[in-house]
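Nothing here was measured: the structure is a model prediction, and the numbers come from that model. Position 1 is the first residue of the sequence, and the numbers go up from there. We count ligands from 1, going down the list as the structure has it; atoms in each ligand are counted the same way.
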Amino acid sequence: MYDKSNVFFKILSKEIPCDTVYEDDVCLAFKDINPQSKIHVLIISKGLYTDFTDFASSASSEVVYHFFKAIPQIASLLGISETGYRIASNIGKDANQVVPHFHMHLLGGEKLRDL
Ligand code: 5GP
């Protein structure tokens with residue numbers, strides 16, 4: 001069950017500001033408030049999905065396709081296509097998902113620690 005009290009819903013509805021790096025009809029990308037690497041951007045769906053599982057199973061194929069096609073474009077805008085980057089999504093409590101609105105982390109801009 002999607003809970004509209006989460007912070008990303010407030011960002012989407014412009015109740016809370018964010019440092020936007022990219023936006024289209026399907027997703028919004030902005031800088032993480034507590035970056036874990038030199039570049040740390042969050043890419044969130046505009047549709048209201050609680051996590052990746054919900055997004056992958058409930059969003060239309062077109063939306064899922066569009067969302068994932070946007071990621072390398074965002075990496076390119078950030079200038080990290082050549083140097084490399086990591087994408088990750090936390091799902092649920094064992095992954096320590098904090099914000100219950102589907103998002104991907106995009107990390108880069110420096111050599112990242114191994115997983
Ligand atoms: P999760 O642990 O849910 O995968 O990641 C949530 C991320 O959202 C964290 O990296 C956290 O720093 C970030 N975050 C939480 N609140 C805000 C906020 O108000 N603004 C921004 N830009 N990032 C936030």
- S89 side chain to H103 backbone, donor-acceptor under 3.5 Å: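 The answer is yes, because a donor-acceptor pair under 3.5 Å joins these two groups.
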
- Does K46 use its side chain to pair, donor to acceptor, with the backbone of E23 at less than 3.5 Å?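 Not a single qualifying donor-acceptor pair exists.
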
Take a 6.0 Å sphere around [atom1] of [X] and say whether it holds more than 12 heavy atoms from other residues, nucleotides or ligands.
{"X": "Y65", "atom1": "OH", "value": "no"}
{"X": "D3", "atom1": "CG", "value": "yes"}
{"X": "K38", "atom1": "NZ", "value": "no"}

- Query: Which protein residues have a heavy atom closer than 4.0 Å to any atom of ligand 1, listed by chain and number?
  - Reply: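 Ligand 1 pocket, heavy atoms under 4.0 Å: V7, F8, I11, F30, K31, D32, I33, N34, L42, N90, N96, Q97, V98, V99, H103, H105.
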
- Query: Rest of the hydrophobic cluster containing I87 (Ile/Leu/Val/Met/Phe/Trp/Tyr, side-chain heavy atoms under 4.5 Å)?
  - Reply: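 When side chains under 4.5 Å apart are linked, the cluster holding I87 also contains V21, Y22, V26, I39, V41, I43, Y49, F52, F55, V63, V64, F67, F68, I71, I74, L77, L78, I80, Y85, I91, F102, M104, L106.
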
